[in-house]
Amino acid sequence: MVESGPIVVLTGAGISRESGLHTFRDADGIWATVRIEDVATPEAFARDPARVQAFYDARRRGLLDPAIQPNAAHRALARLEAEWPAPVLLVTQNIDDLHERAGSRAPLHMHGEILKARCLACRAVSPAPGDLAPGPACPGCGRGPLRPHVVWFGEMPLEMDRIEAALDACALFVSIGTSGNVYPAAGFVELALAAGARTVELNLERSLGAARFDEGRYGPASVVVPAFVDELLAGLE
């Protein structure tokens with residue numbers, strides 16, 4: 001398999017779909033029903049903040065539905081973090097908190113988190129367990145309006161320096177439930193390969209970038225991810 005060196009795991013919408021959350025880019029996904037330009041850009045928020053807030057309020061309420069729970073893939077990655085002898089950096093494109101609920105210690109949300117808000121004045125990030133429309137004032141400075149702590153189109157993903165440093169040092173890169181067409185995440189496999197890492201795609205089906213991986217395993221995330229983690233951990237024995 002792989003020596004017990006550092007691992008970087010990237011997860012996308014496919015891992016949360018089995019928990020009941022809608023993806024964004026599938027044929028029946030969220031972007032098939034609403035225009036990105038209307039709800040997911042800084043310009044959209046400046047033009048119609050109430051509409052943007054309402055869109056993310058609906059996403060937030062959906063995530064907080066008691067029926068939405070982590071699945072076996074989320075739990076397997078939490079186990080990998082806990083039992084692997086070297087650092088495991090879990091990077092997710094997802095804005096939900098299912099990794100945390102499954103037991104992952106500190107997943108890096110490169111696209112932000114729907115259950116947090118960011119102040120437009122002081123930039124402080126605070127919990128946002130409820131609706132932001134009509135927008136409350138920042139609990140920190142008390143004056144700034146809040147926006148969803150979500151990276152919109154045209155904005156830079158979060159903590160890219162940390163992600164790139166981890167990719168440069170990893171022995172294994174695993175991509176789970178991603179489409180392979182959203183950059184910069186779609187380019188992570190190239191950075192890992194350049195660093196000499198083994199690269200594996202775990203997906204429902206081959207992604208657009210599947211040919212760039214050393215290996216691909218395909219099927220539901222709740223099946224292929226636990227099996228892969230079991231194999232990795234068994235190799236330590």
Side-chain angles (χ1 to χ4, degrees), residues 7-34 39-40 55-84 88-117 127-132 148-151 157-158 174-182 185-186 188 200-207 216-233:
I7 297 175
V8 176
V9 177
L10 171 69
T11 66
I15 197 171
S16 293
R17 182 170 188 171
E18 289 185 65
S19 292
L21 291 180
H22 292 295
T23 63
F24 282 85
R25 292 182 174 273
D26 285 343
D28 59 347
I30 293 170
W31 297 143
T33 62
V34 63
V39 296
F55 173 79
Y56 286 98
D57 286 346
R59 309 279 81 70
R60 192 178 299 107
R61 288 193 296 271
L63 174 59
L64 295 174
D65 184 324
I68 304 299
Q69 297 293 331
N71 61 56
H74 294 104
R75 294 191 293 272
L77 292 178
R79 179 183 170 218
L80 178 64
E81 283 184 278
E83 299 183 19
W84 192 250
V88 176
L89 178 63
L90 175 56
V91 180
T92 184
Q93 297 172 278
N94 299 333
I95 59 176
D96 62 62
D97 67 340
L98 295 179
H99 282 303
E100 288 90 339
R101 285 197 241 165
S104 287
R105 293 175 294 235
L108 192 162
H109 288 266
M110 63 180 293
H111 291 163
E113 301 174 67
I114 189 65
L115 295 181
K116 294 182 179 180
D131 288 359
L132 294 182
H149 183 51
V150 172
V151 175
L158 306 176
V174 186
S175 177
I176 301 169
T178 66
S179 64
N181 65 352
V182 179
F188 289 174
V200 180
E201 175 176 80
L202 307 178
N203 222 358
L204 184 60
E205 56 191 18
R206 288 172 59 88
S207 73
R217 302 186 185 189
Y218 301 101
S222 60
V223 175
V224 297
V225 175
F228 183 73
V229 169
D230 285 346
E231 192 174 326
L232 277 179
L233 294 175

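What you see is a predicted model, and the numbers here were worked out from it, not measured in a lab.
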Can you name the closest pair of heavy atoms from Ala73 and Ala221 and give their distance? CB-O, 3.4 Å
Is any side-chain heavy atom of Leu158 closer than 4.5 Å to a side-chain heavy atom of His111? no
Heavy-atom donor-acceptor pair, Asn203 side chain to Gly219 backbone, under 3.5 Å: no
Which distance, rounded to the nearest 0.5 Å, do you find between the CG of Leu63 and the OH of Tyr56? 14.0 Å
Find out whether Glu113 and Ile95 are in side-chain contact, i.e. whether some heavy atom of one side chain is under 4.5 Å from a heavy atom of the other. no
Regarding Glu231 and Arg217, does a basic nitrogen lie under 4.0 Å from an acidic carboxylate oxygen? yes
From CG (Leu64) to CG (Leu115), nearest 0.5 Å: 5.5 Å
Short question: side chain of Arg60, backbone of Gly130 - any donor-acceptor pair under 3.5 Å? yes
Once side-chain contact (heavy atoms from CB on, under 4.5 Å) is applied, do any residues pair with Val224, and if so which ones, sequence neighbours excluded? Leu202
Sorted by chain and number, sequence neighbours left out, salt bridge (Lys or Arg N to Asp or Glu O under 4.0 Å) with Glu201 holds for none
Test your reading of the model: is there a side-chain donor-acceptor pair from Asn94 to the backbone of Gly12, 3.5 Å cut-off? yes
Side-chain heavy atoms of Thr11 within contact of Val91, under 4.5 Å: no
Is there side-chain contact between Val150 and Ile114, with heavy atoms separated by less than 4.5 Å? yes
Closest heavy-atom contact between Pro226 and Ala76? CA-CB, 3.7 Å
Are a donor atom and an acceptor atom from the side chains of Ser179 and Ser207 found within less than 3.5 Å of each other? no
Side chain to side chain donor-acceptor pair (under 3.5 Å) with Glu18: which residues, sequence neighbours excluded? Ser222
With sequence neighbours left out, what residues match Arg61 under salt bridge (Lys or Arg N to Asp or Glu O under 4.0 Å)? Asp131
Give, for atom CZ of Arg17 and atom CG of Leu204, the distance between the pair rounded to the nearest 0.5 Å. 7.5 Å
Tell me every residue that passes side-chain contact (heavy atoms from CB on, under 4.5 Å) with Ala78, counting only those two or more places apart in sequence or in another chain. Ser104
Is the shortest side-chain heavy-atom distance between Leu77 and Leu90 below 4.5 Å? yes
His149 meets the side chain to side chain donor-acceptor pair (under 3.5 Å) criterion, sequence neighbours left out, with Arg118
Of all heavy-atom pairs between Glu81 and Ala106, which one has the smallest distance, and what is that distance? OE2-N, 4.3 Å
Just jot down the ring pair (Phe, Tyr, Trp, His ring centres under 6.0 Å) partners of His109, sequence neighbours excluded, or say none. none
Name all pairs fulfilling the salt bridge (charged side-chain N to carboxylate O under 4.0 Å, His left out) condition that reach into residues 220-230, sequence neighbours left out, sorted by first residue then second. Arg79-Asp230
Taking salt bridge (Lys or Arg N to Asp or Glu O under 4.0 Å) as the test, write out the residues that go with Arg75, two or more places apart. none
With sequence neighbours excluded, residues passing side chain to side chain donor-acceptor pair (under 3.5 Å) with Asp96: Ser16
Going by heavy atoms in the side chains, are Pro70 and His99 under 4.5 Å from each other? no
Under the rule for salt bridge (Lys or Arg N to Asp or Glu O under 4.0 Å), what residues qualify as partners of Arg101, not counting sequence neighbours? Asp97
So Val88 and Val8, do their side chains get closer than 4.5 Å, heavy atoms only? no
How many angstroms lie between atom OG of Ser19 and atom CG of Leu98, to the nearest 0.5 angstrom? 5.0 Å
Not counting sequence neighbours, which residues clear side-chain contact (heavy atoms from CB on, under 4.5 Å) with Thr178? List them please. Leu10, Gln93, Ser175
